[in-house]
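Structure, as structure tokens:
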Amino acid sequence: MRTHSVLRTSTKLLMPPIMLFALYVQFHGDYGPGGGFQAGVIFAVAFILFTLIFGPARARRVAPEWVTTPMCALGVLLYAGVGVATMLLGGTYLDYNMLAHDPHHGQHLGILLVELGVGLTVWAVMVTIFLTFVERHAQREAAADPDAEEDGHA
Amino acid sequence: MEQVIDIVLLAFMVVVALAMIHLRNLFAVVMLSGIFSLLSAALFVVMDAVDVAFTEAAVGAGISTVLMLGTLALTAREESPRPRRHALLPLAVVTVTGAALIYGTLDMPHFGDPDAPIHQHVAPRYIVDSPREVGPPNMVTSVLASYRGYDTLGETTVIFTAGMGVMVLLGGLRSRRRKRRDPASPGSDTGETRP
Amino acid sequence: MLETVLGLYNYWIVIVLMMAGFYTVIARGNLAKKVIGLNIFQTSVFLMYITMGAVEGGTAPIVGAGTTLYSNPLPSVLILTAIVVGVATTALGLALAVRIRESFGTLEEDEVLALEHRMDGEA
């Protein structure tokens, strides 16, 4: 893909709007269609597009394994943690009314945090799954070449 | 007008599904599955489920298609052209099951019927009270994150688990290869041996 | 009669799609094709839920000025999460298919089973 300058340039141009749109979907989910699930997927699409054009090695520099793998768990933990927080504040599990003095504010904050957790997990899992598939392919191709040479020697 | 769009889109979906069964070139099948998802997303918009349409367009038509293409790159691009030996038995099973299910629909409430049982139980509570009880104008968000928060926590965990499963199954080829390469014998070209 | 057909048309098509997916799963030997068949089945279930949730003349369940009739938000919630979970589990199925192909060199069910039998015989 090193020579496809049109694809490379348009990818670079497209990535910021895609990510911005994902953030809009994430935080505007209360008012219009959208939410954590969709935002996570759209945010992952930006990384997938990047990987398709620039290859898995450069994608791993943008989203290294030590970021994506803990993020998978972090989202679930954030979600579950909101539930624990509401219990510590004296409510039942995931009872957002406890999070603020006004139940409406509490609900708003709770939904925001929970959706953020969902978005994080979905993003990280989608990027992880895609990069795992692509890296498997790249490693296998890299592994196939030296073997072929050795066969030639034998 | 809505009904006409509905009928046409569903007819398209049947055509695409039949083509997917018929074709043996898996690349073509994957492309058709993208079209299939996009058609269903359009149908969801017609049926007022905008959040679902949004998700289906992003996930079904986008991520699924890319993942399946990735799988094809790692496996085979063609289904093997063997004769359909037992084609009759599955066809009979499918026909009987389908007929039974269609018989079951005969006393279902009609499409769009506002008096259907599904609209009588919890839905009025969600529609009438959720702006007051929870707040967000989008009822789907209120139900998803607040009324049914446990549900969504479970779903998120399932996604997390599936991601871990894929990592366990497909990740880690590199480290295992390196270990095997150190002793003199090189592995097979896939780097895998049978257990 | 026409009213019945129009009223139940959605369900009938859903059943046709469901059976198309079911047929692919049981009649085709290729594991990747089976996963695609499961996907067709899954989408037909989504369509059925959303069909049940639609209300004649209703609008999307987002509060807006001047609208009083909304479609049912509950099926939307159930299906929206199911779609994302569906793609995650599909990825798991595809990963299994990749590993099977790496171990057996094929994705055809009968060839895999034959190889398995031979290995059992050797052991």
Side-chain angles (χ1 to χ4, degrees), chain B residues 7 10 13-14 17-18 21 26 29 33 40 43-44 47-52 55-56 59 63-64 67 71 74-76 79-80 87 90 94 97-98 101-102 105 108 110-112 114 118-119 122-123 126-127 131 137-140 143-144 148 152 155 158-159 162 165-166 169-170 190 192 194, chain C residues 6-13 15-17 19-20 22-24 26-27 30 32-33 36 39-40 43 46-47 50-56 58-63 70-74 76-77 79-81 83-85 87-92 94-99 101-103 107-108:
Chain B
I7 289 170
L10 280 169
M13 286 185 76
V14 171
L18 292 181
I21 296 182
L26 289 174
V29 174
S33 89
S40 68
L43 260 171
F44 292 145
M47 294 195 271
D48 298 327
V50 280
D51 283 87
V52 183
T55 320
E56 179 72 34
V59 173
I63 303 242
S64 290
L67 273 180
T71 311
L74 282 168
T75 58
E79 215 178 333
S80 80
V94 162
T97 317
L101 286 174
I102 287 185
T105 62
M108 293 268 280
H110 286 188
F111 175 56
I118 185 177
H119 303 307
V122 283
Y126 293 153
I127 291 172
N138 187 353
M139 297 163 202
V140 174
V143 179
L144 180 95
R148 291 186 163 257
T152 313
E155 311 265 17
V158 172
I159 295 170
V166 171
L169 280 171
L170 291 187
T190 54
E192 285 300 308
R194 267 181 222 153
Chain C
L6 283 180
L8 297 177
Y9 175 79
N10 274 38
Y11 296 117
W12 292 347
I13 296 288
I15 289 167
V16 170
L17 292 175
M19 290 305 117
F22 188 31
Y23 177 81
T24 317
I26 57 177
N30 187 295
K33 193 83 178 256
I36 292 172
N39 263 338
I40 300 180
T43 308
F46 299 160
L47 278 172
I50 301 299
T51 300
M52 290 197 289
V55 175
E56 184 84 66
T59 176
I62 297 171
V63 178
Y70 299 105
S71 284
N72 197 330
L74 188 55
S76 293
V77 173
I79 295 312
L80 142 58
T81 50
I83 289 177
V84 185
V85 169
V87 73
T89 48
T90 301
L92 196 65
L94 292 174
L96 280 171
V98 168
R99 287 304 296 263
R101 157 93 182 178
E102 283 176 0
S103 291
L107 269 186
E108 303 295 326

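In what follows, every chain begins at residue 1, and chains take the letters A, B, ... in the order their sequences are listed.
- Between chain C and the options B:A123, B:S64, B:A162, B:P137, heavy-atom pairs under 4.5 Å are most frequent for B:P137.
- Between the side chain of C:Y9 and the backbone N or O of B:I7, at least one donor-acceptor pair lies under 3.5 Å.
- For C:Y70, the side chain to side chain donor-acceptor pair (under 3.5 Å) partners two or more places apart in sequence, or in a different chain, are C:T67.
- Of all heavy-atom pairs spanning C:A54 and B:M47, the tightest one is CB-O, 4.1 Å.
- Residue B:L26 touches chain C through its side chain alone, counting heavy-atom pairs closer than 4.5 Å.
- Interface residue C:I15: only side-chain heavy atoms are found under 4.5 Å from chain B.
- Counting only heavy atoms from C-beta outward, the side chains of B:L43 and B:M13 approach each other to under 4.5 Å.
- Heavy atoms of B:V140 lying under 4.5 Å from chain C belong to its backbone as well as its side chain.
- With a threshold of 4.5 angstrom between heavy atoms, C:T59 approaches chain B through N, CA, C or O but not through any side-chain atom.
- Of the two parts of C:L94, the backbone and the side chain both hold a non-hydrogen atom closer than 4.5 Å to a non-hydrogen atom of chain B.
- Note on B:T105, B:V143, B:V158, B:T152: by heavy-atom pairs under 4.5 Å with chain C, the leading option is B:T105.
- Taking B:I127, B:D51, B:V50 one by one and counting their heavy-atom pairs under 4.5 Å with chain C, the maximum is reached by B:I127.
- Residues C:I83 and C:V87 have side chains not in contact (no heavy-atom distance under 4.5 Å, counting atoms from C-beta outward).
- C:V16 touches chain B through its side chain: at least one heavy atom from C-beta onward sits under 4.5 Å away, while N, CA, C and O do not.
- For a residue to count as touching a neighbouring chain, one of its non-hydrogen atoms must lie under 4.5 Å from one of that chain's; by this rule B:L10 touches chain C with backbone and side chain alike.
- Counting heavy-atom pairs under 4.5 Å between each of C:E56, C:M52, C:R101 and chain B puts C:R101 at the top.
- Side chains of C:V77 and B:M139 form no contact here, defined as non-hydrogen atoms less than 4.5 Å apart.
- Interface remark: of the candidates B:V122, B:L18, B:L67, B:I63, B:L67 forms the most heavy-atom pairs closer than 4.5 Å to chain C.
- When the side-chain contact (heavy atoms from CB on, under 4.5 Å) test is applied to C:L92, the partners found at least two apart in sequence or on another chain are B:V166, B:L169.
- Scanning both residues, B:I159 and C:A88, for their nearest heavy atoms gives CA-CB, 4.2 Å.
- Of the two parts of B:L144, the backbone and the side chain both hold a non-hydrogen atom closer than 4.5 Å to a non-hydrogen atom of chain C.
- The backbone N or O of B:I118 sits less than 3.5 Å from a side-chain atom of C:N72, completing a donor-acceptor pair.
- Contacts with chain B were tallied for C:T24, C:N39, C:I36; C:I36 has the most, counting heavy-atom pairs under 4.5 Å.
- In this structure, the side chain of C:K33 engages the main chain of B:I21 through a donor-acceptor pair within 3.5 Å.
- In this structure, chain C has heavy atoms under 4.5 Å from both the backbone and the side chain of B:P114.
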